[in-house]
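Single-structure report; data block below.
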2 protein chains.
Amino acid sequence: MSKDTPANRGDETRNQLLEAGLRLFSIHGYESVSTRQLTTESGTNIAAINYHFGGKEGLYRAVLEQLVIDTEPYFGPGLQKIQDSISLATDDRQKLVPVITGLMNNLFRLFLEDDFMCWRAPLVMREYANPSENFDILYKGRIEPLHKTVTAIAAAVLKKPVDDPECAVRAHAIIGQIVVFGIARVVLWKRLDWDGYTPERVAMITDIATQSVLNSIGLSSSAGSPVEGN
Amino acid sequence: MSKDTPANRGDETRNQLLEAGLRLFSIHGYESVSTRQLTTESGTNIAAINYHFGGKEGLYRAVLEQLVIDTEPYFGPGLQKIQDSISLATDDRQKLVPVITGLMNNLFRLFLEDDFMCWRAPLVMREYANPSENFDILYKGRIEPLHKTVTAIAAAVLKKPVDDPECAVRAHAIIGQIVVFGIARVVLWKRLDWDGYTPERVAMITDIATQSVLNSIGLSSSAGSPVEGN
DNA sequence: GTGATTTAATCAAACGTTTGTTTTAAATAA
DNA sequence: TTATTTAAAACAAACGTTTGATTAAATCAC
């Protein structure tokens, strides 16, 4: 029953197509991937795409849906804990610092480093920047919940109602400070003459970006004053 | 000679192709635009693409090169003025506040509102997020100069050497707070139930994002304290 | 249990269309 | 004329999709 290998042949080719689709769509984008490439690299037959998913777009949609399902453990519980922490920190805004620091650490590790996300993160970034017709799958599944949680953080820190548009805009600016290191990674690599991310570089980025984010909403990192003394 | 209309037939079809290419590539992306679509919407002939640009990719390259040329007046002088201002503000970091505020106002108006940039901005964003083989044209022409200027601002405010990697990372986080409103505009629109940007909404975003950026590097907006009093 | 039947899945081949490019010849300007 | 520029047709290659035969597995009657 609960084996790693699929129950029958059908599920196996289905999963092989989903896996190849995730990787290829992530690297090259939907339009640039051909059905023949998908079947070649997944070791399946050309007709399997239509049989299992009703066509190329059906496969793409299934890839997005599977992504939302598979990433649930990485987001759902964490975001819930943050919402809970906010309720307990109404008196002192500084109590939210570790919450934000923790979120930043998780997101950066997940999006820039984690092997599990190495194809999934770029695909989310791709849809983030150039939404396809199936964008809503990712938006409703992953993006909106994260955005709403960050909005709640901003609202708590700024002491404004969560439905104040400023809070969503603030949240957007915060998220911008995070996703830019994923979306525009090539720009940063060129600027710093890097050939990619390493754990050390991601750690450095995480530290700096966390300071930047905390300061941007008027918080200081738990240690000392904002940015630096002087 | 210096008429608005091109000197001869050749330049006219050339410009028509560049114009249609800019618009179509911007909206749909390189792969999704066909040569027939380009010639139909530009009112030219199929053979003109090969004759004038050597092919579809040559046209795309020419579009990027033309973009860099046409946007020069909007960036070159402004960035130079900022570099000059930095040299004059070594004593007091707060002197850089109006410099940053001015830059933010220009960038937001340009990228979210200006008709001149309505096709150019999305194309830059597209290359920004998913670099093509011709990315270097935009990078060297527009992105790197802007990134270096923002790095210089960060270095001046943080009182660190410009070649300290932290300054480039800080600059990247600052730019992230700006471009996220262009790249991920759809996300913000969905969150706030907007159907697009209006001058009022852009003004609001500009205000909030400018506060966010200033705070992120430890500056306060010229008026009062960071974020709010309390 | 065994053989017959149905269902599900895979396969190679080919479908018609569209892709980017090239060729050919007519039209235009100098 | 002579060199450009345009228009239309034609090119091979690649596209997503469909077909019909075939294989493997599950279901059934007995």
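This one's a predicted model, so the numbers in the text were calculated from it and none came from an experiment. To find a chain, count down the sequence lines: A is the first, B the second, and so on, and within it residues start at 1.
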| message | I need a per-nucleotide contact map over nucleotides 9-16 of chain D, read 5' to 3'. Cutoff is protein heavy atoms under 4.0 Å; write B for the base, S for backbone only, - otherwise. | response | -B----BB
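Not one side-chain nitrogen or oxygen of A:T44 sits closer than 4.0 Å to the OP1 or OP2 atom of C:dT10. Not one side-chain nitrogen or oxygen of A:H52 sits closer than 4.0 Å to the OP1 or OP2 atom of C:dA8.
Every residue two or more places apart in sequence or in another chain was checked for a salt bridge (charged side-chain N to carboxylate O under 4.0 Å, His left out) with A:D114, and none qualifies. Judged as a ring pair (Phe, Tyr, Trp, His ring centres under 6.0 Å), and not counting sequence neighbours, the contacts of A:Y60 are A:F25, A:Y30. Remark: A:R126 engages no residue in a salt bridge (charged side-chain N to carboxylate O under 4.0 Å, His left out) (not counting sequence neighbours). Every residue meeting the side chain to side chain contact (heavy atoms under 4.5 Å, CB included) condition with A:N105, not counting sequence neighbours, appears here in chain and number order: A:T101, A:T206. Residues forming a salt bridge (charged side-chain N to carboxylate O under 4.0 Å, His left out) with A:K140 (at least two apart in sequence, or on another chain): A:E144.
Distance CD1 (A:I49) to P (C:dT10): 12 Å, rounded to an integer number of Å. Rounded to whole angstrom, the span from the CG atom of B:L38 across to the P atom of C:dT18 amounts to 17 Å. Going from atom CZ of A:F53 over to atom C1' of C:dA9 covers 13 Å, rounded to whole Å. Atom CG in A:N15 sits roughly 15 Å away from atom C1' in C:dA9 (whole-Å rounding). If you take NE2 of B:H28 and C1' of C:dT18, they are 17 Å apart, rounded to a whole angstrom. Rounded to whole Å, atom C1' of D:dT6 lies 17 Å from atom CZ of B:R14. We find that CD of B:E57 is positioned 15 Å from C1' of C:dT19, with the value rounded to whole Å.
A:R14 and A:H52 are not linked by any side-chain donor-acceptor pair at a separation below 3.5 angstrom, with hydrogens and angles left out of the test.
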